[in-house]
Amino acid sequence: MGNFIANEGLSIFVILVWLGINAYLFVEFYMRFLVQKWFYTRVLLGHALPWARAPAACLNFNCMLILLPVCRNLLSFLRGSIQCCSRTAARQLDRNLTFHKLVAYMIAFHTAVHIVAHLFNFEYFMDAQLDRNSSLLTFVLSEIGNGDNASFLNPIRTNETNPTIVMFTTIAGLTGVAITLALILIITSSMEVIRRSYFEVFWYTHHLFVIFFIALVFHGFGRIVRGQTNKDLLVHNSTLCADRFEEWGQPGSNCTVPVFAGNPPMTWKWVVAPMFLYLCERLVRFYRSHQKVVITKVVMHPSKTLELQMKRKGFHMEVGQYVFIQCPSVSRLEWHPFTLTSAPEEDYFSAHIRIVGDWTQALYEACGGDRNEPQEAWQMPKVAIDGPFGTASEDVFRYEVVMLVGAGIGVTPFASILKSVWYKRIQNNQEVFTKKIYFYWLCPETQAFEWFADLLQSLEGQMAEREVTDFLSYNIYLTRWKEAEVRREDTCLRRSGTTINEVIYFILFCIYRTKVGVFLCGPPQLGKSLEKQCLSHSEDDVKFIFNKENF
């Protein structure tokens, strides 16, 4: 239980607070539209009115939050600010994309409820106009405002109007259609199969959020949802006058004709601050995109893996961080994230890029990967760098015992860590708190990541020379074993004699009584399995602190 609270306690608390605020806003705004001000509106619409307005309030709240988790520079600043106070709180910022997705799901849910309720509202508005019976209160209410058209209640002003026409000729209707279409395209293109196989589709479609927010801000300016004015409530009591609507406005009657007005637009008050922050975020990215980046070296590794070694004035990184790379000659709009594989101690920063899509293929060709002759420095394409940005791996040296688990391409964050470990050891850095690192690499085939196998071989040889072999213990697991592929890597492969679970027990019961930092970069299924193993061990003296990278 202690492990679970240490790892998930704050996350669960944040989610519960978020859900609680959503529930509160829903109930609060549902009840607000059951008061006397909206009595006549409910005569026309029934309970479809509060069912439309309650999710609208929740939409405002979640649309306020949706941009914040993708403000990378803001999160990087916050992470650096609170890390010295609380590692647990800082770790929550590494789950920004998970929270971004949860908020998006909530927006989709409340949008669906809001749309369905308003479809009923349009139907009720139209029915009130079609049933032209002056003995019905709904018809009388629909006729108010026909003369000056100032205090109407029913936005459908004639029985010859089609609700579809109203939808596409009013501010609320047009913006509502734009919001819905943008949201559908954004969500469907964000599915994992689209995002991984057709990243450009995901990338461009996701920028429909600009249309989404513009339409969202103007959605309420039509003021279609209308109720009695506060001034009119003082002279016209709907409780007394609703059944005497034939007498409204007649001489000697105590019941005046009710006056209606639309709600002032409120959405902009919710989203203006995060929109401003995101605008600042984009300005920072634009400034960084114009900082000069020099490609100092290009290395073509086996299996079409491109290593770019670069320099930029004022660039400072920590282990496990990542950057976004743009190549204007390939695309001026696309920025792609890549984990830094260099160590902070090196005088350059590098990224290993696997050629698996159109963008990476174009970058590969621009760097001369498809040519036999070496490229001169002036022939290298211009690149722009945004970052570096922090991840959970930054905390790796804050633990006495560390377990690193990488699967496939998820091994890249640990290249930087292992390099930095070596530099710290040969420099006899006394500030290094870490005493032992267990590294596990689950790989379908070593050919795909031969550059990393080379790194492990080099580290093993250098540590053997300096007799520090007890500091790093690593295991490589091949999930697709082929005898023909096992060449000089067999030394590494022989180390795969123990399972992760056995090491957890070893750490727990044999030698360590401390917090163990577990860092994973891999698929969600592996993350769930490993986290379950770590959190299932409840000991007062040992806590497994689980950190997951975005994969």
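Each residue takes its place number in the sequence, starting with 1.
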Next on the checklist: Working note: F338 + I353, criterion side chain to side chain contact (heavy atoms under 4.5 Å, CB included); need CA distance, chi angles, decisive distance, verdict.
Outcome noted: CA-CA 7 Å; F338 295 98; I353 303 170; 3.5 Å; yes
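- Scanning all heavy atoms of the two residues, the minimum distance from M64 to W270 falls at CG-O, 3.2 Å.
- Going from atom CD of E200 over to atom OG1 of T205 covers 10.5 Å, rounded to the nearest 0.5 Å.
- The line from CD1 of I211 to CD1 of I179 is 11.5 Å long, rounded to the nearest 0.5 Å.
- Heavy-atom minimum distance, E346 versus A343: OE1-N, 2.9 Å.
- Considering every non-hydrogen atom in both K419 and Y348, the closest pair reads NZ-OH, 4.4 Å.
- Side-chain atoms of R72 never come within 3.5 Å of backbone atoms of F389 as a donor-acceptor pair (strictly under, hydrogens ignored).
- Applying the 6.0 Å contact sphere to CG of L208 captures more than 12 heavy atoms from other residues, nucleotides or ligands.
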Checklist entry - When you look at Y440 and F414, which way does the side chain to side chain contact (heavy atoms under 4.5 Å, CB included) test go after all the steps? => result CA-CA 10 Å; Y440 290 84; F414 305 134; over 6 Å; no
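- Note that the CZ atom of R285 and the SG atom of C280 stand 12.0 Å from one another [nearest 0.5 Å].
- A pairwise comparison of heavy atoms in I107 and T111 identifies O-OG1, 2.6 Å as the closest pair.
- Proximity of the aromatic rings of Y278 and F213 is defined here by a centroid distance below 6.0 angstrom, and this criterion is not met.
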Checklist entry - How far apart are the C-alpha atoms of F99 and I15, what are their side-chain angles, what is the distance that settles it, and do they pass the side chain to side chain contact (heavy atoms under 4.5 Å, CB included) test? => result CA-CA 9 Å; F99 186 66; I15 295 300; 4.2 Å; yes
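- Residues Q291 and F315 are not in side-chain contact: their nearest non-hydrogen atoms beyond the backbone lie 4.5 Å or more apart.
- Counting heavy-atom neighbours within 6.0 Å of W268 CH2, excluding the residue itself, gives a total of 12 or less.
- The number of heavy atoms from other shown groups lying within 6.0 Å of OH (Y204) is above 12.
- Between H206 and H100, the two ring planes are tilted [angle within 30° to 60°].
- When all heavy atoms are compared, the tightest approach of M317 to S342 is CE-O, 3.2 Å.
- Summarising the geometry of Q309 relative to S350, their closest heavy-atom pair is CG-CB, 4.0 Å, with the distance given to 0.1 Å.
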Item to check | Verdict with supporting geometry, H352 and V299, side chain to side chain contact (heavy atoms under 4.5 Å, CB included) | outcome: CA-CA 9 Å; H352 285 70; V299 182; over 6 Å; no
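- A donor-acceptor contact shorter than 3.5 Å is absent between the side chain of S420 and the backbone of S416.
- Side-chain atoms of E318 do not come within 3.5 Å of backbone N or O of P344 as any donor-acceptor pair.
- In this structure, CZ on R195 lies 13.0 Å from CH2 on W203, to the nearest 0.5 angstrom.
- Other residues, nucleotides and ligands contribute more than 12 heavy atoms inside 6.0 Å of the CE atom of M300.
- Taking CD1 of I186 as the reference point, atom CG of L181 lies at 11.0 Å (rounded to 0.5 Å).
- A donor-acceptor pair under 3.5 Å is formed between the side chain of E281 and the backbone N or O of N73.
- When each of F324, Y322, F199, F202 is paired with H336, the ring pair (Phe, Tyr, Trp, His ring centres under 6.0 Å) condition holds for F199 and for no other.
- In this structure, CG in L306 is found 5.5 Å from CD1 in I355, a value given to the nearest 0.5 Å.
- Within the 4.5 Å cutoff, the side chain of F109 has no heavy atoms near those of the N62 side chain.
- Checked against the 6.0 Å centroid threshold, F209 and F212 do not count as a close aromatic pair.
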